[in-house]
Amino acid sequence: MKRTALIGHLNTEHENQIVTLQGWVNRRRDLGGLIFLELRDRSGIIQVQVEPESAAFAEADQLRAEYVAEIEGQFQLRPESQRKGGLADYEVIASRVKVLNTAKTPPFELDKGESVAEDIRLKYRYLDLRRPEMQRALMLRSRAVAAITEFLDTEGFIQVETPMLTKSTPEGARDFLVPSRLNPGEFYALPQSPQLFKQLLMIAGYDRYYQLARCFRDEDLRADRQPDFTQLDMEMSFVEQDDVLEVQERLMAHVFKKVLNVELPLPFPRISYFDAMDRYGSDKPDLRFDSAFVDVTELFRGGEFKAFASAQAVKVLVAPELSRKQIDELERVAKQNGAGGLAWLKRDGEGFSGGISKFVGSVAAQLLEQTGVPQGATLLFAAGEWKKAVTALGAVRLALRDLFDLTTGGPQFHISWVMDFPQLEYDEDRAAWTYMHHPFTAPHPEDVALFGTERQGEIRAQAYDLVLNGFEVGGGSIRIHSPEVQTRMFAAIGFTEEQAREKFGFFMDALEYGTPPHGGIAWGFDRLIMVMSGAASIREVIAFPKNNRGADLMALAPSPVEAPQLAELGVATLPAVERA
RNA sequence: GGUCCGGUAGUGUAGCGGUUAGCAUAUCUGCCUGUCACGCAGAAGGUCGCGGGUUCAAAUCCCGUCCGGACCGCCA
């Protein structure tokens, strides 16, 4: 059964040799006397010719789509008129064909997989994964892992595995819980991230750590979010913010170079959280195109248009000429993202028409000058409380991107740092301050004094996100290594000493035993691979993903379990009516 | 929890008050020796997601429900 080579590795050196190949029947073209087969493995596809007088003919005649076959024959150039470049210049003239296994007729045609409903693909994922597109994506992912390992190893990072059955770490998301049979009524939590463990490794003196860590968050899914996902988790001791960023930039550039042969320009641009929000309406702005907002708050202040006159912020986005239908659609986007509405104007000569034009007569000239809106183009406005206004207009900006392909002409990949996040955020619903990143994020040293004062909302965190084409592909921070600062942080978010002890006392203890200054980052690895491979969904780069409802449509998980299994765990389920 | 879009042979789609529910492809049969999305001829294959309603008549309209997807909330 020894095969000569993977199909894609056949080359001129094999020319006119007898080769043995194994794979799946990709396609069969039966010309009556003559049979052509396409044999596929993970590396490529080769045409096989079976002649009627060949001893292989009877067996080859049995082959159908997705049968597993072994082919022995001469690897040779095709007739000159039929060469198509690469492996398609060659074919194998079969001398022996062996059916290694039959296959049921596939539920969908593999080479039309792109247009097959995703739930069908997921139900038969093992067939979907045979498609060259899926194999390319998973092989790209594998190459990225190899590049990362190679780089981090060279840079002195040590790979350490942290537990999957652990105690809930305060990352903010819901935990997946695992009942403990040996400790009835008690539960492990699956890690949302290895955050505390990697910090403990720094305290333990491992200096530089990394791990491709499986993480779990029990929240609703999205096209770029799965309940179980992979982080590239890293932590470094005796570093300041710039040290972390510098290593990260070289690592990312190395991965892009190795995997895609793309050169990322270094250093990566940095933008503050405030600027990202203020100019692009997002903390993960897609900077492959500009379309920054223009601030016209002051222009309208106290003016005749009441909706803008006293607004905290009035932002405007220059859009191409829009139809009424397009404006309505964009307004729907704005409203879904928290805006009351979407005011608009069309440039008409030296003034404006449509929308709110009857209110802007007195400021028309300044509006033209400040926005530079071209003839016929549209201005889109969001006004109100600053964060709400910019967020809504940010969503409109992305809708315009998709509507008008605004990224064409820009770089294929744009990566940047978003920096200087606020340390604390006021939660209106709970009427309390909370952490924006996580409670171990170090504040900017100059801002520590603001803890507990009225201005604690101004404290800047030493936190940073990596943003690629509008996706957050990484996030990290310098951590608090001083027990005093940690205590002030807990106090600021309303944790009492007792509450902090109860939640992560072991970590509070550890902090007091000689914690080095340290910081790190975690990459959303699936998301990064999604963007690198140009996929529209994270599911395209995960072998066995969950659907929108968190279900594995192939394995049919989650599923009920038998009563004895629950009893052993000391767990009972509520009837559906009581769950609400 | 919410908004929007969708569900018709295995797959992908058309049909949007009266059709024998159409087309493509896959499948099966026959023919075919240079095909490469092989071709040609034929066959089989459908509870139009499910339930209810409106109507003389429902794939088509209405309500509910289930399922799938995108987004908001949520996810630091």
Side-chain angles (χ1 to χ4, degrees), chain A residues 26-38 45-54 57 64-66 78-84 87-89 91 93 104-124 127-128 169-175 192-193 195 215-227 229 273 283-284 329 332-339 391-392 395 398-399 402 421-425 427 429 434-441 461 463-465 472 475-477 493 522 524 527 536-537 539 547-549 551 553 580:
Chain A
N26 192 59
R27 198 167 271 283
R28 163 195 153 99
R29 290 182 284 274
D30 182 352
L31 272 59
L34 191 61
I35 298 174
F36 290 102
L37 301 168
E38 288 177 2
I45 294 175
I46 184 81
Q47 173 166 283
V48 176
Q49 180 191 314
V50 190
E51 312 226 22
E53 52 279 2
S54 155
F57 191 83
R64 295 292 183 275
E66 300 309 315
R78 294 186 183 193
E80 198 152 359
S81 63
Q82 294 168 23
R83 296 178 196 159
K84 295 172 157 187
L87 256 191
D89 280 353
E91 61 191 349
I93 310 300
K104 288 169 71 175
T105 301
F108 62 93
E109 293 162 67
L110 268 58
D111 55 4
K112 293 181 181 162
E114 301 280 277
S115 56
V116 172
E118 198 182 2
D119 50 345
I120 305 280
R121 292 174 50 206
L122 289 176
K123 180 175 177 186
Y124 301 97
L127 297 179
D128 189 41
T169 62
E171 289 290 318
R174 294 183 183 87
D175 285 316
Q192 296 182 28
S193 92
Q195 182 63 34
C215 301
F216 305 86
R217 292 180 189 176
D218 187 10
E219 296 295 344
D220 286 7
L221 291 83
R222 288 284 190 281
D224 65 347
R225 263 161 42 185
Q226 284 274 302
F229 61 103
Y273 167 80
D283 60 358
K284 46 180 165 49
E329 172 60 20
R332 202 184 61 76
V333 170
K335 281 182 171 170
Q336 200 189 5
N337 285 275
T391 301
L398 294 184
D402 298 336
F421 287 85
Q423 176 85 3
L424 299 166
E425 198 173 32
D427 183 340
D429 295 335
T434 184
Y435 48 85
M436 186 151 183
H437 202 68
H438 57 60
F440 313 109
T441 301
Y464 31 82
D465 279 356
E472 181 195 330
S477 62
I493 58 176
R527 216 178 262 171
S537 151
R539 297 184 295 271
N547 75 355
N548 238 355
R549 295 195 166 195
L553 295 176

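Predicted model, so just to flag it, every value in this text is computed and none were measured. By convention in this document, chain letters (A, B, ...) are assigned in the order of the sequence lines, proteins followed by strands, and residues within each chain are numbered from 1.
In this entry the distance linking CG of A:D220 with C1' of B:C74 reads 6 Å, nearest Å. At whole-Å resolution of the value, CG in A:D30 and C1' in B:G39 are 12 Å apart. Look at CZ on A:F36: it is 14 Å from P on B:G39, rounded to the nearest Å. Here B:U11 presents its P atom at 5 Å from CD1 of A:I120, a figure rounded to the nearest Å. Spacing between atom CD1 of A:I46 and atom P of B:U35 amounts to 17 Å, rounded to whole angstrom units. Rounded to an integer number of Å, the gap from A:F108 CZ to B:U27 C1' is 16 Å. As a whole-Å value, the separation of A:N26 CG from B:C38 P is 9 Å. Atom-to-atom, CD of A:E38 to C1' of B:A37 comes out at 9 Å; the value is rounded to the nearest Å.
Taking atom P on both B:G1 and B:A58, the two are 35 Å apart, rounded to the nearest angstrom. For the P atom pair drawn from B:A9 and B:G22, the interatomic distance equals 13 Å after rounding to whole Å. For the C1' atoms, the distance linking B:C56 with B:G17 amounts to 12 Å, nearest Å. One P atom belongs to B:C36, the other to B:C40, and the distance between them is 11 Å to the nearest Å. Comparing the same atom, C1', in B:G15 and in B:G51 gives a spacing of 24 Å after rounding to whole Å. Here the separation of B:C23 from B:G45, taken at their C1' atoms, is 15 Å to the nearest Å. Comparing the C1' positions of B:A59 and B:U13 gives an interatomic distance of 14 Å, to the nearest angstrom. Straight-line distance between the P atoms of B:A57 and B:U19: roughly 14 Å, to the nearest whole Å.
Checking B:A58 for Watson-Crick or G-U wobble geometry (two distances, each under 3.5 Å) identifies no partner in any strand. B:G39 and B:C31 make up a base pair, with Watson-Crick or G-U wobble contacts both under 3.5 Å. B:C23 is paired with B:G12 under the criterion used here, namely a Watson-Crick or G-U wobble arrangement in which both key atom distances are under 3.5 Å. Of all nucleotides present, only B:A70 satisfies the Watson-Crick or G-U wobble test against B:U3, with each distance under 3.5 Å.
Remark: A:D111 pairs with A:R27 by the side chain to side chain donor-acceptor pair (under 3.5 Å) rule, at least two apart or across chains. Residues passing the side chain to side chain contact (heavy atoms under 4.5 Å, CB included) test with A:L31 are A:R29, A:L34, A:F36, sequence neighbours excluded. Applying the side chain to side chain contact (heavy atoms under 4.5 Å, CB included) criterion to A:Q336, with sequence neighbours excluded, gives A:R332. Every residue two or more places apart in sequence or in another chain that forms a salt bridge (charged side-chain N to carboxylate O under 4.0 Å, His left out) with A:R539 is listed here: A:E118. A search for salt bridge (charged side-chain N to carboxylate O under 4.0 Å, His left out) contacts involving A:D427 returns A:R430, not counting sequence neighbours. Under the rule for a salt bridge (charged side-chain N to carboxylate O under 4.0 Å, His left out), the partners of A:E114 that lie at least two apart in sequence or sit in another chain are A:R131. With sequence neighbours left out, A:K284 forms a side chain to side chain contact (heavy atoms under 4.5 Å, CB included) with A:S282, A:V467, A:E472. For the side chain to side chain contact (heavy atoms under 4.5 Å, CB included) test, residues two or more places apart in sequence or in another chain that qualify with A:D224 are A:R222, A:F471, A:R527, A:M530.
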Pull out every protein N or O sitting under 3.5 Å from an N or O of nucleotides 21-25 of chain B, one pair per line with the distance.
| residue | atom | partner | partner atom | Å |
| --- | --- | --- | --- | --- |
| B:U25 | O2' | A:E109 | OE1 | 2.5 |
| B:U25 | O2' | A:E109 | OE2 | 2.8 |
| B:U25 | O2' | A:K112 | NZ | 2.7 |

Tabulate protein N/O versus nucleotide N/O from nucleotides 67-70 of chain B, keeping only pairs under 3.5 Å, one per line.
| residue | atom | partner | partner atom | Å |
| --- | --- | --- | --- | --- |
| B:C67 | OP1 | A:R549 | NH1 | 3.1 |
| B:C67 | OP2 | A:R549 | NH1 | 2.7 |
| B:C67 | OP2 | A:R549 | NH2 | 3.1 |
| B:G68 | OP1 | A:N547 | ND2 | 2.8 |
| B:G68 | OP2 | A:R549 | NE | 2.9 |
| B:G69 | OP1 | A:N548 | N | 3.2 |
| B:G69 | OP2 | A:N548 | N | 3.2 |
| B:G69 | O3' | A:R539 | NH2 | 3.3 |
| B:A70 | OP1 | A:R539 | NH1 | 3.3 |
| B:A70 | OP1 | A:R539 | NH2 | 2.7 |
| B:A70 | OP2 | A:N548 | OD1 | 2.9 |
| B:A70 | OP2 | A:N548 | ND2 | 3.2 |

Check nucleotides 42-45 of chain B for protein N or O atoms closer than 3.5 Å to its own N or O atoms and list the pairs.
none

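The base of B:C32 is not paired with the side chain of A:R29 by any donor and acceptor separated by under 3.5 Å.
Within 4.0 Å of A:K335, counting heavy atoms only, lies no atom of the nucleic acid at all. Among the protein residues, A:Q423 comes within range of no part of the nucleic acid, since none of its heavy atoms lies under 4.0 Å from any strand. As judged by a 4.0 angstrom heavy-atom cut-off over every strand, A:I35 is placed among residues making no nucleic acid contact. Among the protein residues, A:P52 comes within range of the nucleic acid bases, having at least one heavy atom under 4.0 Å from a base atom. Residue A:E53 is in base contact, counting any heavy-atom pair closer than 4.0 Å across all strands shown. Backbone-only engagement by A:P107 is indicated by non-hydrogen atom pairs under 4.0 Å involving sugar-phosphate atoms exclusively. Nucleic acid contact for A:A65: none, since no nucleic acid atom lies under 4.0 Å from a heavy atom of the residue. At a threshold of 4.0 angstrom between heavy atoms, the contacts of A:R174 are confined to the sugar-phosphate backbone, with no base atom among them.
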For this session: Treat primed atoms plus P, OP1 and OP2 as sugar-phosphate and everything else as base, then score nucleotides 4-9 of chain B 5' to 3': B for base contact with protein heavy atoms under 4.0 Å, S for sugar-phosphate contact only, - for none.
Result: ------
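Considering all non-hydrogen atoms of both residues, A:P439 and A:I493 come closest at CB-CD1, 4.2 Å.
Considering only side-chain atoms of A:R225, the nucleotide from B:G12, B:C75, B:C38 that sits closest is B:C75. For A:R64, the listed nucleotide lying nearest its side chain is B:U29; candidates were B:U29, B:U33, B:G34. Checked against B:G34, B:C74, B:U35, the side chain of A:Q49 finds its nearest nucleotide in B:G34.
Between A:R27 and B:C38, a side-chain N or O to OP1/OP2 separation shorter than 4.0 Å is present.
With salt bridges taken as basic N to acidic carboxylate O contacts below 4.0 Å, one links A:D128 and A:R121.
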